[in-house]
Amino acid sequence: MVTTREQEQDSAHAQTDVRVAVNVNLDAVLGTLHRDVQRITNLVAVGLQSPVVLDGESLAIRSEPIGFRFGNSSLWSSRDEARADYEDWVFGNGFRDVIESVGGFLEEVRQVVAIWSLGDRQAAGEQLTGKALHEEMTDAPKRFHRLGFPDKLNTLRNSFDVHVDPNLDDQVLSVNAARNCLVHRRGIVSERDLNGDGLLVVRWRRLAMFLQNEDGEYPVVFGDPLEKAASVVVQTQDASKKFRLGERVVFTSTEFAEICWSMFLYSFAWGEALNNFGLQRGYISVPVVNIE
């Protein structure tokens, strides 16, 4: 059998034109973040319920056969001061872990939209090479991982045109600002932490419960008798807390739980964004992320 050079080239092309099918489980992307945030919430609850006892050697970390003490003076003047410092440390770790978990979640989001974007390029007629696949699936994720939290959001918006409500981004960025202050400056607000009108403003979205009757809505006060028939109304509500320069960043356990719940809302917003991204490009025919 005789073949022309053109036929040989076509044959070689046919052998190397391989299409790879990728199964993307979008619910698993959200599920990982949800499990992480729940674990962090539980760990902070354990830390806040653990007693702080200051009696003699209780401050020394026990180790055998050698014990260590660094310095001779106590860090605190009272048990209350020690407990307050300990709670700040617990919250600082909680905020750090929450933001790191959301950052890891955004890395998974980037991986999904990168895969779909490769499909866009191929549909447009581009012959994808191994080098292009390696760049998007190996090199680019490493660069993305090294980015700070704000830069990750900017990369998703600018490189892939995928984003969520900017108000939600701003809320999470404000929580990241609180995290930076707690982790790097022991919770004392510095110039670097200010994000609005000379203040550190931390914003989040919480669930609020109201009673509603013919006179309108009013807060629920458990134990108070109802003078009129009323319905219980549960709705989301924006919340914030402001800290001045030099002030200590302090949150209650309720506020921390609300902020963690806000991260759940944030993940659902990204789930909707992924649904829209995939539906518009025809990679999915129905929403595949459960955002109910």
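- For the atom pair CG (Leu207) and CD (Gln237), the distance works out to 10.0 Å, reported to the nearest 0.5 Å.
- Shortest non-hydrogen contact noted between Ser262 and Arg205 is OG-N, 3.2 Å.
- For the atom pair Ile284 CD1 and Leu274 CG, the distance stands at 8.5 Å (nearest 0.5 Å).
- Ring pair Phe268/His34: centre-to-centre distance below 6.0 Å.
- Residues Leu173 and Val98 are members of one and the same hydrophobic cluster, defined by side-chain heavy-atom contacts under 4.5 angstrom among Ile, Leu, Val, Met, Phe, Trp and Tyr.
- Salt bridge Glu247/Lys242: absent, no basic N to carboxylate O contact under 4.0 Å.
- To the nearest 0.5 Å, atom CD1 of residue Ile40 and atom OG of residue Ser101 are 3.5 Å apart.
- Hydrophobic cluster membership is shared by Tyr86 and Val249, with clusters built from Ile, Leu, Val, Met, Phe, Trp and Tyr side chains linked at under 4.5 angstrom.
- Stacking of Arg146 on the aromatic ring of Phe144 is not recorded, the 6.0 Å distance cut-off and the 45° axial limit not both being met.
- Two residues are said to be in side-chain contact when any heavy atoms from C-beta on lie closer than 4.5 Å; Asn176 and Asn180 meet this criterion.
- With a 6.0 Å radius and a threshold of 12 heavy atoms from other residues, nucleotides or ligands, Trp89 has its CH2 atom at or below the threshold.
- Partner Ser174 forms a side-chain contact (heavy atoms from CB on, under 4.5 Å) with one of Asn195, Asp169, Val201 and no other, that one being Asn195.
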Evaluate the side-chain contact (heavy atoms from CB on, under 4.5 Å) criterion for residues Met263 and Leu33: first the C-alpha distance (whole Å), next the side-chain angles of each, then the deciding distance (0.1 Å), finally the verdict.
-> CA-CA 9 Å; Met263 299 302 107; Leu33 176 62; 5.6 Å; no

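- For the side-chain contact (heavy atoms from CB on, under 4.5 Å) criterion with Trp204, the lone passing option out of Ile259, Leu168, Leu265 is Ile259.
- Scanning for ring-ring contact (aromatic ring centres under 6.0 Å, His included) contacts around Phe95 gives Phe251, Phe256, with sequence neighbours left out.
- Across all their heavy atoms, Leu153 and Trp270 have their closest contact at CD2-CZ2, 4.1 Å.
- The shortest distance between side-chain heavy atoms of Val189 and Arg248 does not fall below 4.5 Å.
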Between Glu107 and Lys142, is a salt bridge (Lys or Arg N to Asp or Glu O under 4.0 Å) present by the stated rule, with each step listed?
-> CA-CA 10 Å; Glu107 292 181 30; Lys142 289 179 181 178; over 6 Å; no

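- Within a 6.0 Å radius of CZ in Arg192, no more than 12 heavy atoms belonging to other residues, nucleotides or ligands are found.
- Under a 3.5 Å cut-off, the side chain of Asp193 and the backbone N or O of Leu200 do not form any donor-acceptor pair.
- Side-chain atoms of Asp120 and Tyr283 form a donor-acceptor pair, as typed in the model, at a separation below 3.5 Å.
- Annotation: the span from Leu106 atom CG to His145 atom NE2 amounts to 13.0 Å, rounded to 0.5 Å.
- Within a 6.0 Å sphere centred on NE2 of His184, heavy atoms belonging to other residues, nucleotides or ligands number more than 12.
- A 6.0 Å sphere centred on CG of Asn158 holds more than 12 heavy atoms belonging to other residues, nucleotides or ligands.
- Between the Thr138 side chain and the Glu135 main chain, no donor and acceptor come within less than 3.5 Å of each other.
- From Leu147, atom CG reaches atom CZ of Arg143 across 9.0 Å, with rounding to the nearest 0.5 Å.
- With contacts defined as side-chain heavy-atom distances shorter than 4.5 Å, the pair Asn154/Lys152 does not qualify.
- Contact check for Glu191 versus Leu194: side-chain heavy atoms found under the 4.5 Å cut-off.
- In this structure, a donor-acceptor pair under 3.5 Å is absent between the side chains of Asn42 and Arg39.
- One hydrophobic cluster, built from ILVMFWY side chains closer than 4.5 Å, holds both Val109 and Leu279.
- Among all heavy-atom pairs drawn from Ser253 and Leu48, the shortest one is CB-CD1, 3.7 Å.
- A donor-acceptor pair is defined here as one N or O able to donate and one able to accept, closer than 3.5 Å; no such pair exists between the side chain of Asp197 and the backbone of Leu199.
- Taking hydrophobic clusters as Ile, Leu, Val, Met, Phe, Trp and Tyr residues chained together by side-chain heavy-atom distances below 4.5 Å, Ile188 does not share a cluster with Phe91.
- For Ile99 against Arg179, the heavy-atom pair with the smallest separation is CG1-CB, 4.2 Å.
- The 12-atom threshold is exceeded at CZ of Arg121, counting heavy atoms of other residues, nucleotides or ligands nearer than 6.0 Å.
- Minimum heavy-atom separation, Thr252 to Lys241: N-NZ, 4.4 Å.
- Considering every non-hydrogen atom in both Gln171 and Asp238, the closest pair reads NE2-OD1, 3.3 Å.
- Connection of Val183 to Val102 is not established within any shared hydrophobic cluster, with ILVMFWY side chains joined at heavy-atom distances below 4.5 Å, either directly or through further cluster members.
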